[in-house]
Amino acid sequence: MTPHDLTHIGIHVFERGWLSSNNILCIGANNASIVDTGYVDHAEQTMALVQHALRERALDHIVNTHLHSDHCGGNARLQEAHPNVHTRVPAPSLTAVRNWDTARLTFERTGQECPRFAANASYGSGDTLWLGDRQWEVHAAPGHDPEAMLIFEPQSRTLLSADALWENGLGVIFPELDGEPSFEAAEATIDLIASLNPAVVIPGHGALFSDVAAAIARARRRIDSWAHAPDAHYAYGLKVLVKYKLLSAQRITVAALSEWANQTAYLTALAPTARRIFGLENVPTGSPADISDTMAAITAALVRSGAARTEGDWVINVS
Ligand SMILES: [Zn+2]
């Protein structure tokens with residue numbers, strides 16, 4: 001048993017990667033629950049991991065920390081396999097799920113996919129949830145996503161932080177990309193995490209960690225630098241959206257990438273900002289709607305940071 005193995009308290013962590021969020025399966029005497037289910041591309045893999053750990057027993061609950069496509073893309077597949085599973089989503093997101101309001105849910109705007117799933121109930125700040133044999137607290141965690149929740153088990157001091165805190169940073173502060181000031185909210189969520197004083201954090205992506213103070217300090221510095229230089233955050237957000245597409249496609253032609261970008265509201269809305277950030281203001285465009293040179297600049301930035309490479313007409317993911 002490694003210091004980071006939590007199976008002795010019924011917590012099974014499936015560390016996935018960046019396309020799919022981690023999945024946390026809590027197995028107790030009377031309750032088997034999963035928190036977050038990964039991206040749709042990996043739904044069969046999520047199923048296999050869950051079935052292997054559950055053996056013959058049924059999954060009782062699905063809980064999503066927030067409804068980004070990489071955290072709830074396996075819900076539909078698990079619901080199909082476990083027809084009696086009860087699914088809870090953050091309270092502010094419930095109506096959007098029930099109506100499958102794609103304008104409110106973020107999948108369309110990010111150019112990502114998520115198969116429709118059902119939600120039985122909501123949960124929110126101040127609630128307690130039984131996951132496995134343990135009772136967990138719920139705390140609102142705005143910043144990365146205004147509707148996200150933190151889930152905390154006070155006895156073992158285990159925190160499910162989703163994308164509010166990773167070992168090395170945190171997720172894009174998405175509302176900022178819409179012009180909604182949210183760096184302060186992200187900072188307040190970090191304050192809240194510090195006050196919970198977790199012994200171990202299971203993040204939405206990457207390995208779980210117990211040097212929480214160092215991770216908190218890194219996240220604070222990151223938020224602070226974004227707040228002082230919002231263009232750096234815009235650039236990070238743009239690169240994350242395109243990198244995510246590459247993670248899913250693995251390889252894509254420049255033309256197909258531009259076509260996808262043209263359908264992706266975040267990228268089209270941010271095209272003027274991107275032109276300014278990447279120094280394209282004085283480069284003539286074919287038409288105001290043409291974002292191919294913006295995409296070329298974002299791709300070049302990904303290549304420079306080692307996250308992608310190009311080969312003729314192809315853009316290829318480098319993991
Ligand atoms: Zn997220």
Side-chain angles (χ1 to χ4, degrees), residues 2 4-6 11-26 34-43 45-46 49-50 62-75 90 106-107 110-114 141-152 158-174 176-177 186 189-190 193 198 200-212 214-223 226 233 236-250 302 305-308 317-319:
T2 69
H4 280 165
D5 188 340
L6 300 172
I11 302 174
H12 302 252
V13 180
F14 305 139
E15 186 186 335
R16 304 299 291 275
W18 293 96
L19 187 67
S20 278
S21 70
N22 294 338
N23 321 128
I24 302 97
L25 182 64
C26 303
I34 191 166
V35 178
D36 289 343
T37 63
Y39 191 57
V40 59
D41 289 4
H42 291 161
Q45 200 180 41
T46 303
L49 287 163
V50 169
I62 297 172
V63 177
N64 297 115
T65 56
H66 62 301
L67 297 183
H68 285 160
S69 64
D70 53 330
H71 290 254
C72 57
N75 283 19
T106 58
F107 322 130
T110 52
Q112 298 168 10
E113 286 170 45
C114 184
H144 165 73
D145 178 316
E147 302 178 358
M149 299 292 160
L150 295 173
I151 304 177
F152 181 65
T158 303
L159 175 71
L160 312 186
S161 65
D163 297 339
L165 178 70
W166 300 331
E167 187 170 20
N168 231 319
L170 70 162
V172 175
I173 311 300
F174 277 100
E176 284 279 344
L177 301 185
T189 293
I190 298 295
I193 291 174
V200 60
V201 174
I202 306 172
H205 301 271
L208 54 86
F209 55 92
S210 50
D211 191 353
V212 183
I216 284 176
R218 281 189 289 270
R220 284 195 200 283
R221 280 199 298 275
R222 188 74 58 91
I223 297 167
W226 288 337
H233 178 258
Y236 173 59
L238 291 164
K239 283 191 286 184
V240 162
L241 287 167
V242 177
K243 172 67 179 179
Y244 197 81
K245 179 63 181 172
L246 285 181
L247 278 167
S248 175
Q250 287 299 313
L302 287 173
S305 61
N317 181 56
V318 177
S319 35

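These figures come from a predicted structure and were not determined experimentally.
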Practice problem: Kindly state whether the ring of W18 and the ring of Y244 have centres lying under 6.0 angstrom apart. | Solution: no
Quiz prompt | Check: H205/D70 side-chain N/O donor and acceptor closer than 3.5 Å | solution = yes
Quiz item: How many angstroms lie between CG in L208 and OG1 in T158, if you round to the nearest 0.5 Å?
Solution: 9.0 Å
Quiz item: Does S21 offer a backbone N or O that forms a donor-acceptor pair with the side chain of H71 under 3.5 Å?
Solution: no
Quiz item: Is the backbone of L170 close enough, under 3.5 Å, to the side chain of R222 for a donor and an acceptor to pair up by distance?
Solution: no
Quiz item: Nearest 0.5 Å, what's the SG-CG distance between C114 and N75?
Solution: 6.5 Å
Self-check item: N22 (side chain) donor-acceptor with G206 (main chain) under 3.5 angstrom
Solution: yes
Exercise. For side chain to side chain contact (heavy atoms under 4.5 Å, CB included), just list the numbers for H233 and E176, CA-CA rounded to whole Å, side-chain angles, deciding distance to a tenth of an Å, and then say yes or no.
Key: CA-CA 9 Å; H233 178 258; E176 284 279 344; 3.7 Å; yes
Exercise. Give a yes or no on whether the backbone of Y39 and the side-chain of S20 come within a donor-acceptor separation of less than 3.5 Å.
Key: yes
Quiz item: Do N23 and H12 have side-chain N/O donor and acceptor atoms under 3.5 Å apart?
Solution: no
Quiz item: CG of L25 to CG of D36: how many Å apart, nearest 0.5 Å?
Solution: 12.5 Å
Quiz prompt | Nearest heavy atoms of F107 and T110, plus distance in Å | solution = O-OG1, 3.1 Å
Quiz item: Is there a side-chain contact between V200 and L159 (heavy atoms, below 4.5 Å)?
Solution: no
Quiz item: Judged by atom type as modelled, is there a donor-acceptor pair below 3.5 Å linking the side chain of D145 to the main-chain atoms of E147?
Solution: yes
Self-check item: Heavy-atom donor-acceptor pair, S69 side chain to G73 backbone, under 3.5 Å
Solution: no
Quiz prompt | Shortest non-hydrogen separation from P203 to W166 and the atoms involved | solution = CB-CD1, 4.0 Å
Quiz prompt | Separation between CD1 of I11 and CD1 of I24, rounded to the nearest 0.5 Å | solution = 9.0 Å
Practice problem: Test side chain to side chain contact (heavy atoms under 4.5 Å, CB included) on T106 and F174 and set out the steps. | Solution: CA-CA 10 Å; T106 58; F174 277 100; over 6 Å; no
Quiz item: Can any side-chain N or O of T189 pair as donor or acceptor with the backbone N or O of P142 at less than 3.5 Å?
Solution: yes
Quiz item: Does N317 have any side-chain contact (heavy atoms from CB on, under 4.5 Å) partners at least two apart in sequence or in another chain, and if so, which?
Solution: K243, L246, L247, Q250, S319
Quiz item: Counting distance only, does the side-chain N/O of H42 pair as donor-acceptor with the main-chain N or O of L19 below 3.5 Å?
Solution: no
Quiz prompt | Side chain S248, main chain K245, donor-acceptor under 3.5 Å | solution = no
Quiz prompt | side-chain contact (heavy atoms from CB on, under 4.5 Å) involving V50 - partner list, sequence neighbours excluded | solution = F14, I34, T46, L54, L78
Exercise. Mind listing the closest non-hydrogen atom pair of G74 and T37 along with its distance?
Key: N-OG1, 3.0 Å
Exercise. First locate atom CG of L160, then atom CD1 of I202, and finally report the distance between them rounded to the nearest 0.5 Å.
Key: 5.0 Å
Exercise. Report the distance from atom CG of D41 to atom CD of Q112, rounding to the nearest 0.5 Å.
Key: 10.0 Å
Quiz item: Between L165 and S161, what is the shortest heavy-atom contact and its length?
Solution: O-OG, 2.7 Å
Quiz item: Which heavy atom in T65 sits nearest to a heavy atom in P90, and how many Å separate them?
Solution: O-CG, 3.4 Å
